[in-house]
Amino acid sequence: MRVRDMLANLNFLAFPMNTTETGAVAPSSAPNPVQLARKLLKELQTEFAAFRDTLPLAIGIDKQLLAQKPGLNRKIMRIALGLHTKSPRYLQAMAKASTRYNLDGSAANEVSEAHRSHATEVLKERSDKEEELRKARRAVFKKEAIAKRKASEAEEAERKRADKLQQLAAKFSKR
């Protein structure tokens with residue numbers, strides 16, 4: 001697979017969309033669960049200090065959420081928790097933290113060394129992946145720049161050759 005193809009296929013920040021055969025976005029009758037989860041996450045951030053301040057969440061925070069908000073859709077809640085706990089800001093907080101927190105911001109339990117090291121590891125992997133992607137983009141841009149330069153050099157050589165031929169034709173047609 002060529003680097004350009006890899007870059008075209010890599011779009012890890014975008015979410016899959018319903019598309020028609022022409023590539024146009026098809027209207028969706030049901031709301032996207034990820035959009036609903038993002039909306040829920042914003043609500044949680046306004047309501048609870050642990051989300052607002054990006055504190056390491058207590059283990060079992062989902063049960064606390066369900067107790068506080070009984071009508072909460074579990075699937076949407078899990079997606080929202082996944083979005084929150086996989087965010088770079090949360091992972092950075094986990095890598096440095098020693099205590100987990102309840103919804104109200106009170107201390108719950110200790111952050112294990114395994115969880116701290118996992119957060120650090122995930123951040124490192126993401127950083128490495130981003131650096132690899134940057135290198136691939138640079139390589140593509142470099143190849144394109146070289147191709148453009150060669151094309152312009154070829155055009156310039158062709159123009160000079162045509163000028164030279166025209167000069168020779170003019171020189172010999174005078175005789």
Side-chain angles (χ1 to χ4, degrees), residues 1-19 23 25-144:
M1 181 181 270
R2 293 184 3 212
V3 174
R4 174 176 270 150
D5 297 332
M6 286 175 30
L7 290 175
N9 292 335
L10 283 178
N11 194 358
F12 58 87
L13 296 177
F15 297 100
M17 294 192 272
N18 297 332
T19 56
V25 177
S28 178
S29 59
N32 183 343
V34 175
Q35 291 172 339
L36 293 173
R38 287 184 190 281
K39 184 178 176 186
L40 173 62
L41 188 55
K42 288 197 182 293
E43 290 173 17
L44 295 175
Q45 288 169 343
T46 59
E47 283 184 56
F48 301 111
F51 284 94
R52 182 176 42 255
D53 301 334
T54 318
L55 300 173
L57 299 174
I59 294 176
I61 200 83
D62 56 335
K63 292 168 187 69
Q64 291 180 32
L65 278 170
L66 289 172
Q68 292 274 335
K69 296 176 160 272
L72 199 59
N73 180 323
R74 288 175 186 259
K75 179 181 177 184
I76 302 301
M77 177 195 62
R78 293 204 186 278
I79 293 170
L81 287 172
L83 290 170
H84 181 71
T85 58
K86 291 174 185 165
S87 73
R89 189 172 172 196
Y90 182 83
L91 290 170
Q92 289 167 350
M94 276 295 289
K96 297 174 186 172
S98 59
T99 307
R100 292 178 174 275
Y101 296 90
N102 294 313
L103 288 177
D104 61 0
S106 63
N109 48 9
E110 296 287 318
V111 175
S112 70
E113 183 58 40
H115 290 161
R116 253 193 307 278
S117 64
H118 175 72
T120 304
E121 194 175 301
V122 170
L123 286 168
K124 173 94 171 87
E125 287 174 5
R126 287 184 186 177
S127 174
D128 292 348
K129 191 179 280 188
E130 287 172 10
E131 181 60 31
E132 189 176 309
L133 187 57
R134 269 192 294 276
K135 285 181 182 178
R137 284 185 183 141
R138 273 189 237 126
V140 168
F141 292 140
K142 189 174 183 178
K143 285 181 183 179
E144 288 175 352

Gap between atom CZ of Arg126 and atom NZ of Lys124 - 0.5 Å precision: 14.0 Å

NZ-CG distance between Lys135 and Leu133, expressed to the nearest 0.5 angstrom: 12.0 Å

Close side-chain approach of Lys69 to Met77, heavy-atom, < 4.5 Å: no

Ala119 to Leu91 - nearest heavy-atom pair and separation: CB-O, 3.5 Å

Distance, nearest 0.5 Å, that separates CZ of Arg38 from CD1 of Ile79: 10.5 Å

CZ/Arg52: more than 12 non-hydrogen atoms of other groups inside 6.0 Å: yes

Distance (rounded to the nearest 0.5 Å) between Gln64 CD and Asn102 CG: 4.5 Å

Asp104 to Ala49 - nearest heavy-atom pair and separation: O-CB, 4.0 Å

Arg78 CZ to Leu72 CG distance, which is reported to the nearest 0.5 Å: 10.5 Å

Under-4.0 Å salt bridge between Arg138 and Glu131: yes

Close side-chain approach of His115 and Arg100, heavy atoms under 4.5 Å: yes

Closest contact, heavy atoms only, Pro56 versus Val111: CB-CG2, 4.2 Å

Considering all heavy atoms, the nearest Leu44-Leu65 contact: CD2-CD2, 3.5 Å

Criterion side chain to side chain contact (heavy atoms under 4.5 Å, CB included) against Ile76, the qualifying member of Leu41, Leu40, Leu81: Leu40

Shortest non-hydrogen contact from Leu83 toward Ala37: CD1-CB, 4.0 Å

Closest non-hydrogen atom pair between Ala107 and Thr99, with its separation: CB-CG2, 3.7 Å

Side-chain ion pair, Glu132 and Lys129, N-O less than 4.0 Å: no

Between CZ on residue Phe51 and OG1 on residue Thr85, distance to nearest 0.5 Å: 9.0 Å

Over 12 non-hydrogen atoms of neighbours within 6.0 angstrom of CZ in Arg74: no

Verdict with reasoning, Leu57 to His84, per side-chain contact (heavy atoms from CB on, under 4.5 Å): CA-CA 10 Å; Leu57 299 174; His84 181 71; 3.7 Å; yes

Main-chain N/O of Leu55 paired with Asp53 side-chain donor or acceptor, under 3.5 Å: no

